[in-house]
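Step one of this worksheet: look at the structure below.
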Amino acid sequence: MQSRRWFGGAGFSFADDPVTETLSQAIRGTGEELDREPDTGVLFGSLRGSVVGLRYYTGVVNKGEMVSLVRQPQNPYDRNAVMVANVYGSQVGHIKRELAVLLANIMDNNLARVEGVVPFGVTNQFTMSVVLSFWGREENRDAVVRQITSRSFKLQSGPTGTHTHTHTLTQLKNAFDNLFENLMDDKIGEREAVEAVCTPLLPHQKQALSWMCACENNAALPHFWEVKGELFYNTLTHSSVRERPRRVRGGILADDMGLGKTLTTIALILSNFHHGKPLCEPVSDQLDQHVRADVKLNVYLYYGSERNRDTHFLSSQHMVLTTYNVLSADYSVSGGWVCGSASPLHTVRWLRVVLDEGHIIRNPNTQQSKAVLKLNTQRRWILTGTPIQNNLRDLWMLVAFLRLKPFDVREWWNRVIQRPVTQGDKTGLQNLQALVKCVTLRRTKTSRVCGRPLVSLPERSVRIEEVELTQKEREEYELARTEGRTTISRYVAEGTVLRNYADVLAILVRLRQFCCHPGLLGKTTTHTGVVAVTPAELRERLIMKLRLVLGTGSDEECAVCLDSVRLPVITHCAHVYCRPCIAEVIRSEQEQARCPLCRGQIKASELVEFPLEEEEEEESNLLENWRSSSKVEALMSSLLRLRSEDDSIRSLVVSQFTRFLTILEIPLREEGFKFVRLDGTMSQKRRAQVIQEFQSDAPGSPLIMLLSLKAGGVGINLSAASRVFLMDPAWNPAAEDQCVDRCHRLGQKRDVVITKFIVKGSVEENMVKIQRQKQDLVEKAFGTKNPSERKTSRVDEIRALMEL
DNA sequence: ACCGCCGGGTGCC
DNA sequence: ACCGCCGGGTGCC
């Protein structure tokens, strides 16, 4: 409950501009149809046309201004009519009749998205030029070109706006990942909370409060607005308006988890109630911790079937809490608009709406998001610790909720931000950065305010504990290593490492598993490399490879989206991608589709998925023939020593191999440790239970949590633990850091000690070396590597790992 | 619109 | 004159 909440301060009313709203809604409506084809689309070309009937309408346009084209099938004079509107939705004119026939055809059949730019501005009061560009899917290109030429219009090829500066995919990804970083502005002052707040605010929280108050009250426009004479000029869309654009009253508070976003927001809300207003005993969870007991605040929890839907009652509350589910349920029942049964929360005119855990509503297509966008409020806030998950499109929802005009209309967001950025246009990215910066405050735990760290955390130290293998283990390990080296050095000599990447990974994984415990190997695979004979055999082999790539938590990246693989499939050339990513490659390249990693031919019918059965059998086997390993022994002696020294210290035991966690349960039980386990297979509900149990300081609560490296995503709080045992090195040092951050965070009272177990004279030692190099690279903060360099360095990595 | 188009007025040079 | 030419009226879809 706590996580899905918004606050509304009731009782204020304000007038919206109904004309602009309806028109932009009309335009938004048409935009969403095409938006199912997200940011895809290539430029087919452009042509010059004319807009007529200017003198009948009030909409004005400048030189270079973007305009939108809206079909008017109901127009009584011409069913092919195409209306031209400026950025603010004011009608400018119509597309000339003969051209409108063409556009109507293309638009109605969804063959292309048509966009207009006015090249000269208004040269006369009757007609004007417009450059129309046609964007669509490659397979529609022919049809569009045919349509255009058959009506004897000339399609100019090539881009209209020349994008001279472009980014590579990697640069883009880096820039995007850093979008919310370095937004700190030392100029922000601090502001004390009003007396009603009893928890003292930390300096950075006072700073956030000051910033939030400024955002709600400051009249300054974002700097992409320039005042030109009587008009306000938008430098991104080249549009201008006579009336001062309404400033966003609110923003995105995107501080890291644990920096006190909720407390700051409560302080903000209370700052509106300090004129001697009576406030009542609060009911909510976190609220009563921070609000003085004698302060009376009317807070209503709007959920449950008996909730009071009376809008007068709701309006009389100082604060109403609800969940996204309740909000969207009310909204979809009432259809949002219907007068008689309108959604109560959509009827009240709020002073302020706060979206807590705002990333929950990042997908604009969900009912929840639609319901949220339709709330009627003066001030708007989004609280989130993770403003971007993966996609630029996630951001639109935030912009739309804030009504950051004109980008709350999809077309302008797509044209000015989304498409330019995804196509690597540098100015597009700069615009995006500017846009984000003007509404966002984000600090991380490592941010500094005026040279001082934001929050002071206890020390954290890392020690590497070398583990010696027993003679038997060493023999087994060397056998596997020699075998692996032979195979990999052959690939290196042939230059086919990437072609056999899954094989190579499989070998490495085996070695890493040996270092932990021989029982991890499960169904062993003899090294492949020989072409399989039957399709069934091939399939079996591919599934095995897929299992190896994924089952280890090695965090493979999909080479298409450069993100962690989701919905994994493996190609016949044994490369793993997200299914949607590779399906898109195949769809767009059709028969010529090639594997992005090795350029081998790929087909949709040959993608192999992971079968969900057959997991359990090996588990029981593991437990029956129990034996220990050097690494298990090393951990156990550390834990036993720790318990005898101080039995109040709690530990995280982390591995990438969930099976290793299962193995570790046996000696932990034997030694009488109380422990819990958190891994990626558990339901959200179960995870929350486990975390609560571990965090509890009740007597008899667990001393140890077995944790899979990637479990739980970001943000879970394990501050009860001050010891971390990293059982096996990860490819990605950031993953280890994030894991440690779960206990080294606000609320941690002790120094945090991290122990990394590394088997001496093994692939693990080499992984640690590579981790260091990677860290150096990150610290240099250069994202200059393009995808092909990336692959080369990966080959180098493998050679370094195998000492070739 | 300092255009094009329409349709009425007009008619040797 | 069932044409050409002139000049006024007119003008999105």
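Quick note on labels: first sequence line is chain A, next is B, and so on, each numbered from 1.
- Pairs engaging residues 94-129 of chain A under the ring-ring contact (aromatic ring centres under 6.0 Å, His included) rule: A/Y57-A/H94 [sequence neighbours left out].
- In terms of modelled atom types and a separation under 3.5 Å, the side chain of A/S46 and the main chain of A/V131 share no donor-acceptor contact.
- If you take CG of A/L69 and C1' of C/dC13, they are 14 Å apart, rounded to a whole angstrom.
- Annotation: cation-pi pair A/R419/A/W135 present, NZ/CZ under 6.0 Å from the ring centroid and within 45° of its normal.
- Residue A/K96 contributes atom NZ, which lies 16 Å from atom P of B/dC3 at whole-angstrom precision.
- The existence of a salt bridge linking A/R379 and A/E216 is confirmed by a sub-4.0 Å separation between a basic side-chain nitrogen and an acidic carboxylate oxygen.
- One finds a salt bridge joining A/E115 and A/R415 here, because a Lys/Arg side-chain nitrogen approaches an Asp/Glu carboxylate oxygen to under 4.0 Å.
- Using a distance-only test at 3.5 Å, with no hydrogens or angles considered, no donor-acceptor pair links the side chain of A/N62 to the main chain of A/E65.
- Taking atom CZ of A/F126 as the reference point, atom C1' of B/dC5 lies 15 Å away to the nearest angstrom.
- A/I95 comes within 4.0 angstrom of sugar-phosphate atoms only, judged by non-hydrogen atoms across all strands, and of no base.
- Rounded to a whole Å, the CZ atom of A/R97 is 16 Å from the C1' atom of B/dG4.
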Check nucleotides 9-11 of chain C against the protein and report each pair of N or O atoms closer than 3.5 Å, with its distance, or say if there are none.
none

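- Nucleotide B/dC3 has C/dG11 as its partner under the Watson-Crick or G-U criteria, with both atom distances under 3.5 Å.
- As a whole-Å value, the separation of A/M128 CE from B/dA1 P is 16 Å.
- Under 3.5 Å, the side chain of A/N75 and the base of C/dC13 form at least one donor-acceptor pair of N or O atoms.
- Classified by its glycosidic torsion, C/dA1 falls in the syn category, the angle being within 90° of 0.
- Figure legend: cation-pi geometry between A/R141 and A/F44 absent, as NZ or CZ is not positioned both under 6.0 Å from the six-membered ring centre and within 45° of its axis.
- Using atom C1' as the reference point in both B/dC6 and B/dA1, the two lie 15 Å apart (nearest Å).
- The NE2-C1' distance, from A/H94 to C/dC13, rounds to 5 Å in whole Å.
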